[in-house]
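So the structure is just underneath, and the comments pick up after that.
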Amino acid sequence: MGKVAWGFTSSIDGFIAGPGHDMSWLSAGEPMAEGMTASMAGEVAVIISGRDGYDAAKAQQDERDEMTSEAYGGAWSGTEFILTHRPEEIADDPTITPLNCDIVEAVRRAQEIAGDRDVQIISADIARQALEHDLIDELQVFVAPVFLGDGIRIFDVPGGRRYDWELVEIYEGAERSFGRTYRPKRDER
């Protein structure tokens with residue numbers, strides 16, 4: 001079975017999207033090695049996204065560039081689950097599968113489809129929910145050299161909750177964008 005990964009590019013000040021899910025700031029990111037995006041996309045069979053991000057992408061589709069208009073800049077193909085409490089509102093979009101279920105059920109369904117390939121979570125809120133159930137096997141982090149000052153935080157839990165991570169890999173060809181893979185540091189009891 002493949003991994004459940006949470007992957008994102010963040011600003012230096014810890015945002016994965018600007019206000020209104022704006023993604024135009026990604027153009028400030030450092031270029032990655034040739035073929036790296038396609039290689040990473042090839043490992044992913046299912047993407048789990050949130051409704052707010054989906055709605056923002058649809059509303060901004062004429063403004064987004066090649067890299068931000070589609071997952072992995074268009075290098076990815078597979079199944080995309082959109083978690084929503086109102087699946088009937090987006091059921092006519094053939095490019096996605098709307099689901100009204102909790103994260104545990106969404107990951108279970110995604111893993112059935114993915115088989116030996118990975119499930120990628122690209123929503124901060126959904127990733128937070130997955131962390132609460134210890135469903136994240138890997139964290140894939142890239143950093144763009146920009147401050148946004150506002151937007152969607154990488155991780156936001158009122159009152160706080162600590163999760164420790166251990167470094168697994170530094171992406172060769174993405175050193176300038178601080179490309180790193182981490183896995184959860186779980187208590188060894």
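Fair warning: this is a prediction, and the values are worked out from it, not measured in the lab.
Cation-pi geometry between Arg180 and Tyr182 is not satisfied (NZ or CZ under 6.0 Å from the ring centre, within 45° of the ring normal).
Rounding to the nearest 0.5 angstrom, the gap separating the OG1 atom in Thr181 from the CZ atom in Phe142 is 7.0 Å. Rounding to the nearest 0.5 Å gives a distance of 7.0 Å between CD1 of Ile48 and CD1 of Ile126. Considering CD1 of Ile103 and CD of Glu132, their distance stands at 10.5 Å, rounded to 0.5 Å. Remark: Leu139 CG to Tyr163 OH distance equals 12.5 Å, nearest 0.5 Å. Distance OG/Ser49 to CD1/Ile47: 6.0 Å, rounded to 0.5 Å. The distance from the CZ atom of Arg183 to the CD1 atom of Ile136 is 15.5 Å, given to the nearest 0.5 Å.
One N or O on the side chain of Arg117 and one on the backbone of Val44 form a donor-acceptor pair closer than 3.5 Å. Remark: the backbone N or O of Gln120 is not paired with any side-chain donor or acceptor of Asp118 at under 3.5 angstrom. Of the possible polar contacts, one joining the Arg51 side chain to the Arg86 backbone as a donor-acceptor pair under 3.5 Å is found.
Looking at every heavy atom in both residues, Trp25 comes nearest to Asp22 through NE1-O, 3.1 Å. Scanning both residues, Thr95 and Asp93, for their nearest heavy atoms gives OG1-OD1, 2.6 Å. A pairwise comparison of heavy atoms in Ala106 and Leu83 identifies CB-CD2, 3.7 Å as the closest pair. Gln140 approaches Ala5 most closely through the heavy-atom pair NE2-CB, 3.8 Å. Closest approach of Arg153 to Ala124, counting heavy atoms only: O-CB, 3.4 Å. The two residues Ile121 and Trp6 come nearest to each other via the heavy atoms O-CD1, 3.3 Å.
Residues Phe147 and Phe8 share a hydrophobic cluster, clusters being chains of Ile/Leu/Val/Met/Phe/Trp/Tyr side chains in contact below 4.5 Å. Residues Phe178 and Met36 fall into different hydrophobic clusters, defined by Ile, Leu, Val, Met, Phe, Trp and Tyr side chains chained together at heavy-atom separations under 4.5 Å. No single ILVMFWY cluster, assembled from side-chain heavy atoms under 4.5 Å apart, contains both Val146 and Ile154. Cluster membership check: Leu131 shares its hydrophobic cluster with Ile152, using side-chain heavy-atom separations under 4.5 Å among Ile, Leu, Val, Met, Phe, Trp and Tyr. Under a hydrophobic clustering in which Ile, Leu, Val, Met, Phe, Trp and Tyr are joined whenever their side-chain heavy atoms come within less than 4.5 Å, directly or via other members, Val168 and Val141 fall into different clusters.
In this structure, Thr84 and Glu89 have side chains that are not in contact, with every pair of non-hydrogen atoms separated by 4.5 Å or more.
In Glu112, the CD atom is crowded: over 12 heavy atoms of neighbouring residues, nucleotides or ligands sit closer than 6.0 Å. Within 6.0 Å of CD in Glu166 there are more than 12 heavy atoms belonging to other residues, nucleotides or ligands. The number of heavy atoms from other shown groups lying within 6.0 Å of CG (Asp116) does not exceed 12.
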Can you give me every donor-acceptor pair (side chain of residues 12-20, partner residue at least two apart or in another chain, under 3.5 Å) with its distance?
{"from": "Asp13", "atom 1": "OD1", "to": "Ser11", "atom 2": "OG", "distance (Å)": "2.5"}
{"from": "Asp13", "atom 1": "OD1", "to": "Leu148", "atom 2": "N", "distance (Å)": "3.1"}
{"from": "Asp13", "atom 1": "OD2", "to": "Leu148", "atom 2": "N", "distance (Å)": "3.1"}
{"from": "Asp13", "atom 1": "OD2", "to": "Gly149", "atom 2": "N", "distance (Å)": "2.7"}

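Side chains of Asp125 and Ser123: a donor-acceptor N/O pair is absent below 3.5 angstrom, by distance only.
Clustering of Ile, Leu, Val, Met, Phe, Trp and Tyr side chains at separations under 4.5 Å places Tyr54 together with Ile82, Ile90, Ile96.
Ion pairing of Glu105 with Arg108 is present here, as a side-chain N (NZ or NE/NH1/NH2) and a carboxylate O approach within less than 4.0 Å.
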Would Asp156 and Arg128 count as a side-chain contact (heavy atoms from CB on, under 4.5 Å) if you check the C-alpha gap in whole Å, the side-chain angles of each, and the deciding distance to 0.1 Å?
-> CA-CA 8 Å; Asp156 194 12; Arg128 179 192 50 76; over 6 Å; no

